[in-house]
Amino acid sequence: MVAPFDLDSLNPQQREAVMWPGGPLQIFAGAGSGKTRVITYRIARLIQDGVNPSRILAVTFTNKAAKEMRERLESLLGGKVRSLWLGTFHSLCARMLRIDGEKIGLSPEFVIYDDGEQLAIVKDILKRMAIDEKSLQPRAALNEISRAKEQMLDPTKYEEQASGYLQRMVAGIYPEYQTRLARANALDFDDILYHAVRLLERAPEVLEKYQDRFMHVLIDEYQDVNFTQYRFAQLISAKHRNITIVGDDDQSIYAWRGADVSLMLRFSSDHKDAKVITLGQNYRSTKVILQAAADVIQHNRGRAEKELWTENEAGRPISVTEAGTDEEEAMIVADAVLKAVRSGRRKYGEFGVLYRTNAQSRAVEEAFLTMRIPHILVGGQRFYERREIKDILGYLRVILNPLDEASIKRTINTPTRGLGAGSIGLFDEWSRARGLAWWDAIREQSVQSQLPKRALHGLQQFVGLVEEGRDMMQDNSVTEMLEYVMARSGYLDSLKQDRSEDSISRLENLQELVRVTQQYDETADEPSLFGFLEQIALIADTDQIEETGEAVTLMTLHSSKGLEYPVVFLIGMEEGVFPHSRAIGNEIELEEERRLCYVGMTRAREELHLLHSRRRSMYGSANFNRRSRFLDDVDLSESDSLVPQKQPQAPFRDLRQDRTGGYAVTLVETPKPKGPAWKPPFTVGERVQHAKFGIGVVISCSPVKGNDAEVTVAFPGVTGVKKLIQSFAKLETV
DNA sequence: CCGATCCAAGTTTTT
DNA sequence: CTTGGATCGG
């Protein structure tokens, strides 16, 4: 049989990984080493060699990765591979629980509670238990519960081992938290994994069924698995022992949410006969970029020793640029993008701008807006986390499952129906006192009789809406249900009344949600409200992002993992920003920051530009940050800059330096520059008027002879960036 | 009960 | 600076 794919195009290590017959296999896949290709080829090869696709289990980190992999496989094999189990840990485990969860007492119809709902429950419990949110932050408690589930600790076991203030407090809420979920027939994200493992451990016949079935198990991004996922992988592959794991410890950047690299690094000791293959050739980046990334990562201890090399050309030098302010930093990026695009060398889609925190995107967005640079912003406020979206979906969830207490609470008085804290408290009391579900409690005659008139009317509205919705469910599309809910709840009207910018954007988002359901109704095999809600519960926004190719991408370093751009700007290379202030002083966290830096740098194919700013506004006040230690790791003897650099000055050297290494210092007074007072005619970012070019934005001002100023101004459109001498140009502030 | 106003706090994020 | 929560007056 002729190979449907091109093995000759692979290097020896890649080929070995693809062809390796079976048994435990660990693939160390460095950045840009063709990892995805290897996994896809390996699956295709197995199928081609006669393994039934239904007997392969492949796990990816995101839904997007799963989707892409399936598409690649289908094009390699020239047909659908629907029976292949391919997805994220969560989607696969959820699937398993829907099929077999009953054997450990789970209803197959459970709903999935997301982060927001989890948090709401914790807050609610805290309030009920009269615990001040200051003494126990809901977020911290939730994290701790999550950690517990990742360790497979149920509330009882958790309490036994709890020590310290936080854990003892959490031991008090964890049981109640689980009770609430159970009452709503809901699982949170961690429960999905937890119960899947429990299912395999407690139900021998189920374990055997899946162990038999999955002859081959492949897991990508193994450096980011947590203990439950590890356990799941171990259990399910124990029979045939054909488990392939792929990962790169240098790219482990999710320890803060429970991922544990050591689970990957112990693979060889778990499996004495494990075959280890290292993919060391990088096909993505230039030598210069790869070297810089290596310079940074080599400072970490305890990494698996391996080196990445490339046959690519040396390429252009790294650039390091110091900007005066964060706005200027953004303008420099915008300017560089514009120059390259205008010269015809680049398209907008070839640039990625990466930063440590979402807040940093603002300055860049503003600069791009003024310079008319098309861009897409990844992350930030996520679509499905937006209030209006959650509210409306909340209605749909109540209709689907009236036991969903969190969703009832969310929607019952949204928009306001006169059901305030008093009424809510009453319902709560009733449901607790008689062990009634909320949905039943609110419909009790004796409860309703205690309500004020207005509240009663509101409640009847709400109950009527839900009941009618339940009747409609069978015969209406998801879109129709959505439109029904938006209209009948009065949600649309209340938004339309208010003409604020905020409401307009909320209406637009709901419009977008309608498009999502329309799409779903058209494409799903058997569209249903249940199916729709399930799908979006497990899907992330980033999964939806399409590469349009015509826009610069702005995103955090974390979301850049797995992506690549010909030109990468890494902005905010400052102590306190990157590495983040919370990591400074903590060696473990600093190592994770360094890996994050490594990830960011290795996203670049041809050009890497590192920027930092002397002054940065954070939370409304000015910060003067030393440049990032990561810059000190890199050999910059060959580096250049995006704009001519001012003489390095040290006006801040006398600032207090922290003993751990000196970092972000908030300055109270503005430092006095030394030397004769030259006053820039404009501030950076200021809008100015030019006789011929019109209105532009000041990028920088520098002194020239005769107490004159050279002003660099960005004008929109074809004019672009101009350097102007103030005495001739006569720029005026607008 | 609800809207206005004041105040404190502030990574990263997938599922 | 922004946002979410708490508090206060109508």
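Proteins come first, then strands; the chains are lettered A, B, ... in the order of their sequence lines, and each starts at number 1. Keep in mind it's a predicted model, so treat the numbers as computed, not measured.
- Counting to the nearest Å, the P atom of C:dG5 and the CG atom of A:Leu126 are 13 Å from each other.
- Going from atom CD of A:Gln360 over to atom P of C:dC1 covers 18 Å, rounded to whole Å.
- Residues A:Ile145 and A:Asp190 fail the side-chain proximity criterion, which asks for heavy atoms closer than 4.5 Å.
- Summarising the geometry, the separation between CG on A:Asp190 and P on B:dT13 is reported as 18 Å, rounded to the nearest angstrom.
- A donor-acceptor contact under 3.5 Å is not formed by the side chain of A:Arg582 with the base of B:dT11.
- We find that CZ of A:Arg595 is positioned 21 Å from P of B:dT11, with the value rounded to whole Å.
- A straight line from CD of A:Glu589 to C1' of B:dT13 spans 15 Å, rounded to a whole angstrom.
- Seen from the ring of A:Phe61, A:Lys561 counts as a face-on cation partner, given the 6.0 Å and 45° thresholds.
- We find that the ring of A:Trp256 and the base of B:dT12 stack, their centres lying under 5.5 angstrom apart and their planes tilted less than 30°.
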Give me the distances for all protein-to-nucleotides 1-5 of chain B N/O pairs that come in under 3.5 Å?
residue : atom : partner  : partner atom : Å
B:dC1   : OP1  : A:Gly420 : N            : 3.2
B:dC1   : OP1  : A:Ser423 : OG           : 3.3
B:dC1   : OP2  : A:Gly422 : N            : 3.2
B:dC2   : OP1  : A:Gly418 : N            : 2.8
B:dC2   : OP2  : A:Asn413 : ND2          : 3.4

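- As rounded to whole Å, 10 Å separates atom C1' of B:dG10 from atom CE of A:Met618.
- Taking A:Phe89 as the reference, nothing meets the ring pair (Phe, Tyr, Trp, His ring centres under 6.0 Å) condition, with sequence neighbours excluded.
- Residue pairs satisfying the salt bridge (charged side-chain N to carboxylate O under 4.0 Å, His left out) criterion with at least one member in residues 414-424 of chain A, sequence neighbours excluded, are absent.
- If you take NE2 of A:His580 and P of B:dG10, they are 11 Å apart, rounded to a whole angstrom.
- Under 4.0 angstrom from either OP1 or OP2 of B:dG10 there lies no side-chain N or O belonging to A:Asn358.
- You'll find that the side chain of A:Asp115 is closest to B:dT15, out of B:dT15, B:dT13, B:dT12.
- Note: CZ (A:Arg387) to C1' (C:dT2) measures 14 Å, nearest angstrom.
- With sequence neighbours left out, A:Asn143 forms a side chain to side chain donor-acceptor pair (under 3.5 Å) with no residue at all.
- For the side chain to side chain donor-acceptor pair (under 3.5 Å) test, residues two or more places apart in sequence or in another chain that qualify with A:Glu574 are A:Arg616, A:Asn625.
- The shortest distance between the side-chain N/O atoms of A:Arg362 and the OP1/OP2 oxygens of C:dT2 is below 4.0 Å.
- Stacking here means ring centres nearer than 5.5 Å and ring planes tilted less than 30 degrees, and by that measure A:His90 does not stack onto B:dT15.
- Under the side chain to side chain donor-acceptor pair (under 3.5 Å) criterion, A:Gln460 pairs with no residue, sequence neighbours left out.
- Considering only side-chain N and O atoms, A:Lys123 lies under 4.0 angstrom from the phosphate OP1 or OP2 of C:dG5.
- An OP1 or OP2 oxygen of B:dT15 is reached within less than 4.0 angstrom by a side-chain nitrogen or oxygen of A:Asn63.
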